[in-house]
Amino acid sequence: MNDAVRVENISVVLGDATILDGVSLRVPAGSITAVIGPSGCGKTTLLRTIAGLEPLRSGRIEIGGIEVASVRGDGGRDVDIPTERRSFGLVPQEGALFGNLSVAGNVRFGLGPWWRRTPGRAARTTELLEVVGLSEFRGRHPSALSGGQRQRVALARALAPRPAVIGLDEPFSALDAQLRTRLRDHVRDTILAEGSSGLLVTHDREEAMAMADEIVVLMAGQVRQVGSPEEVYLAPADAEVARMFGEVSELPGDADGDVVRCSAGLLRLRRPARGPGTVMLRPGDLDVATSPDGSELGRATVLSVRPCGEHIEVRVSLTAADPARHDDGVELFVRAEPEWAGSPGDQIAFRQRRPAHFCPAC
Ligand SMILES: Nc1ncnc2c1ncn2[C@@H]1O[C@H](COP(=O)(O)OP(=O)(O)OP(=O)(O)O)[C@@H](O)[C@H]1O
């Protein structure tokens with residue numbers, strides 16, 4: 001598959017600080033890649049650099065198969081194609097619409113100087129307003145739109161000149177949770193249906209996992225992990241990445257091939273390992289054993305119960321089978337079926353539901 005964006009080993013220095021340090025990533029054509037990381041890790045700088053708004057210190061960037069920036073450092077000629085000639089549409093935080101232009105005027109503006117002079121521009125504007133479901137608002141000004149509608153205008157404006165890729169900078173951060181969930185699907189479908197690709201930057205793990213085909217974890221200006229949403233969730237590169245993607249119980253363990261011994265018992269591993277390390281248990285790795293079948297790992301006391309729709313997340317404290325093992329009081333998350341009716345104080349048996357992840361170096 002061709003890449004809509006290819007970023008190779010870029011470094012960016014702003015003032016005295018190195019903000020991006022040897023970052024590489026790709027957005028395969030016809031897909032969405034999400035860059036996730038904590039505040040200040042360099043997400044916005046990355047988007048601005050790809051857009052041509054910040055200079056490279058080193059590395060190279062391709063958009064739609066064309067080299068748009070490179071600093072070689074070997075005496076070769078550097079490349080720096082101006083922003084308006086990069087096939088990159090940016091949807092900034094909170095839309096950043098022109099308040100003095102109507103909805104249609106904002107979208108038309110996105111067509112750029114060349115398109116603005118062509119007869120096709122009216123048809124393209126009408127088509128895009130239909131795509132984002134805002135035809136009836138074409139004459140309104142941004143101040144008379146809801147937050148979600150403003151984001152859809154910003155998306156239409158960015159899509160107008162048919163860019164190879166759309167960059168989305170925390171596009172839903174100002175919206176309420178319900179609207180955010182609905183817009184995610186709409187934005188993903190629209191970008192892909194228009195034949196474009198997406199590079200989403202966000203600090204919201206649910207947003208990244210729901211929208212992206214591939215996730216890049218950025219921390220302190222460096223890439224920590226690249227993988228599918230499932231990989232970064234179930235096989236995080238380290239404890240920090242694990243915590244970023246949700247609840248995790250970290251237990252010291254000793255791996256021996258396909259199994260690891262830890263205070264939760266003898267667990268099967270996703271990948272073989274050997275020696276000491278940390279077992280990273282997600283709530284869905286263990287479940288409540290409602291009828292004994294011999295596969296129970298151990299017993300625990302229920303501390304709290306959290307219904308999550310399709311399942312229940314149960315926080316438990318291990319009950320030591322052998323007091324000499326000092327397992328008493330170790331806390332874990334286990335999963336139960338929605339019809340399970342336990343409550344705090346109950347004694348439960350638990351078993352392994354899927355193989356566990358182990359970090360030798362964590
Ligand atoms: N022009 C600048 N000069 C110097 N430092 C800057 C400049 N712009 C940004 N920075 C610094 O670069 C770092 C990364 O900023 P950036 O906005 O890219 O992070 P971010 O991950 O998008 O953060 P957030 O999620 O809070 O928006 C921050 O420490 C910021 O203070």
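Source: prediction; values computed, not measured. Order of appearance sets the numbers: ligands from 1, and atoms from 1 within every ligand.
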Contact with ligand 1 for Gly221, non-hydrogen, under 4.0 angstrom: no

Of all heavy-atom pairs between Pro142 and Asn106, which one has the smallest distance, and what is that distance? CG-ND2, 3.8 Å

Decide salt bridge (charged side-chain N to carboxylate O under 4.0 Å, His left out) for Asp78 and Arg60; before the verdict, give the C-alpha distance in whole Å, the side-chain angles of both, and the deciding distance to 0.1 Å. CA-CA 9 Å; Asp78 294 346; Arg60 68 188 287 278; over 6 Å; no

Selection from Ala17, Gly15, Gly37, Ser39 by shortest heavy-atom distance to atom 24 (P) of ligand 1: Ser39

Taking only heavy atoms of Ile19, which atoms of ligand 1 are found under 4.0 Å from at least one of them? 11 (C), 12 (O), 13 (C), 14 (C)

I'd like to know if Cys41 contacts ligand 1, where contact means a heavy-atom distance under 4.0 Å to any ligand atom. yes

Heavy-atom contact check, 4.0 Å cutoff: does Gly40 meet ligand 1? yes

What closest approach, in Å, do His141 and Leu101 show between heavy atoms, and which atom pair accounts for it? CD2-O, 3.5 Å

Considering Lys43, Glu170, Arg48, His203, which one's heavy-atom position lies nearest to atom 21 (O) of ligand 1? Lys43

side-chain contact (heavy atoms from CB on, under 4.5 Å) evaluation trace for Arg261 with Asp256: CA-CA 8 Å; Arg261 181 162 294 283; Asp256 184 12; over 6 Å; no

Nearest protein heavy-atom contact for atom 1 (N) of ligand 1: which residue, which atom, what distance? Leu14 CD1, 4.1 Å

Do Thr301 and Gln347 have a side chain donor and acceptor closer than 3.5 Å? yes

Contact atoms of ligand 1, heavy-atom distance to Thr45 under 4.0 Å: 15 (O), 16 (P), 18 (O)

Exercise check, heavy-atom protein proximity under 4.0 Å to atom 11 (C) of ligand 1: yes

Are side-chain heavy atoms of Val226 and Leu25 found at a separation under 4.5 Å? no

Relative to the heavy atoms of Pro38, which atoms of ligand 1 are at a distance of less than 4.0 Å? 21 (O)

Distance from atom 17 (O) of ligand 1 to nearest protein heavy atom, with residue and atom: Thr44 CB, 3.6 Å

Between Arg315 (side chain) and Glu331 (backbone), is there a donor-acceptor pair under 3.5 Å? no

Heavy-atom count around Arg354 CZ within 6.0 Å, excluding the residue itself: above 12? yes

